[in-house]
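Letters A, B, ... are given to chains in the order of the sequence lines, protein chains preceding strands, and every chain is numbered from 1.
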Number of protein chains: 2
Amino acid sequence: MESKQITEALRGAGLRVTAPRVTTIGVVAEQPHLQADAIAAEVRKRLGSVSTQAIYDILNALTSAGILRRAAVDGRTSRFELDSGDNHHHIVCTVCGRLEDIPCFEQATPCMHPPKGTGFDIKIAEVLFRGVCADCQTP
Amino acid sequence: MESKQITEALRGAGLRVTAPRVTTIGVVAEQPHLQADAIAAEVRKRLGSVSTQAIYDILNALTSAGILRRAAVDGRTSRFELDSGDNHHHIVCTVCGRLEDIPCFEQATPCMHPPKGTGFDIKIAEVLFRGVCADCQTP
DNA sequence: TCAGTTTTCTGGAATCATTCAAGATTACGG
DNA sequence: CCGTAATCTTGAATGATTCCAGAAAACTGA
């Protein structure tokens, strides 16, 4: 993701363009699925000191602006990735914690077509597979 | 869920039958999707004082025994329900937080069949729909 | 370009769910 | 009914995240 695109994305969302924000988006674009503290570490490596609070503010702002997408995998931390609108899903290794993307195949995602009549106006479906990755399967 | 069934479930899992455990299972059976603190409150209402730690121990023990199922909805708390093995999914209202069950339609648990070739040995699939419930849709 | 306004960032403390640790109790097989 | 291991209690700790108040910086319009 180029700097120009990042700037446009922020402006388009009505957000001010600041170094911490641009850098955060860049980090998430390069390394998806990082947690907040890892993102903070990487942003600081590039910018110098940035407060933890700023990172959380930024992640929350970008997430509600639709620029980032939050993935809750372990129930206590959030992982972030670009919200590219491709509606992909995730698969987590229950042994090592590795997280990978799974593209959203049309056919393989009947769960994206929830039953009618629930009264809910469904916005998104999050699908999370849990299993053991190749590396962790060998004894 | 009757007391007798609860006792059998505990024994079958190799767990000792204690009042806090039996009561916890009863509470979760009657009121699915409660969080730990709400379960603690309800258990205390019925038994008198029970430590918070006991509740967490119990919830963890019952979950890993396959008696309860943990549902992570908001990324920071867990909700609990009986693990009836029916592989149902959940739908959450993004406005009021209401959580409801959705049966795994399509019968054949389609979500359990992720794409091959990932190298992962898939164990389970969690599907979470997010949307706005009927009550929250009206202006 | 510059001042005003509003958003964003800093620094420090607080919160909340959950877990750790050590000792007291209790269930259950023998 | 006893002994032992599992379970519960009490109290403190952890870790991710948020609240707060003030300082700094980014956009707006002149």
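Computed from coordinates, the B/Y56 OH to D/dG15 P distance equals 17 Å when rounded to whole Å. As a whole-Å value, the separation of B/I58 CD1 from C/dA27 P is 13 Å. Going from atom CZ of B/R79 over to atom P of C/dT18 covers 11 Å, rounded to whole Å. Put simply, CD on A/Q53 is 15 Å from P on C/dT15, counting in whole angstrom units. Between the CD1 atom of B/I55 and the C1' atom of C/dC20 there is a distance of 18 Å, rounded to whole Å. Taking atom CG of B/D37 as the reference point, atom C1' of C/dC16 lies 10 Å away to the nearest angstrom. Protein atom CG of B/D57 is 15 Å distant from nucleotide atom P of C/dA22, rounded to whole Å. Per the geometry, CG belonging to B/D74 stands 13 Å off C1' belonging to D/dA16, to the nearest Å.
The side chain of B/S78 places an N or O atom within less than 4.0 Å of a non-bridging phosphate oxygen (OP1 or OP2) of C/dT18. Side-chain N/O atoms of B/R11 include none lying less than 4.0 angstrom from OP1 or OP2 on C/dA27. Proximity of A/N60 to the phosphate of D/dT17: no side-chain N or O atom is located under 4.0 Å from OP1 or OP2.
Of the charged side-chain nitrogens involved, none lies within less than 4.0 Å of a carboxylate oxygen, so that A/R79 and A/D74 do not count as a salt-bridged pair. Salt-bridge annotation for A/R130 and A/E100: absent, with no side-chain N of the basic residue lying under 4.0 Å from a carboxylate O of the acidic one. Salt bridge annotation for A/K4-A/E8: absent, with no cationic side-chain nitrogen under 4.0 angstrom from a carboxylate oxygen.
Taking OG1 from A/T24 and CG from A/L62, the interatomic distance works out to 7.0 Å, rounded to the nearest 0.5 Å.
Among the atoms of the strands shown, only primed sugar atoms or phosphate atoms (P, OP1, OP2) are found under 4.0 Å from some heavy atom of B/T77. Within the nucleic acid shown, B/A36 comes within 4.0 Å of sugar-phosphate atoms alone, with no base atom in reach, counting heavy atoms only.
Within 3.5 Å, a donor on the side chain of A/R16 pairs with an acceptor on the base of C/dT6, or the reverse.
When the nearest nucleotides of DNA chain C are assigned to B/A19 and A/G75 by heavy-atom distance, the more 5′-ward of the two goes with A/G75.
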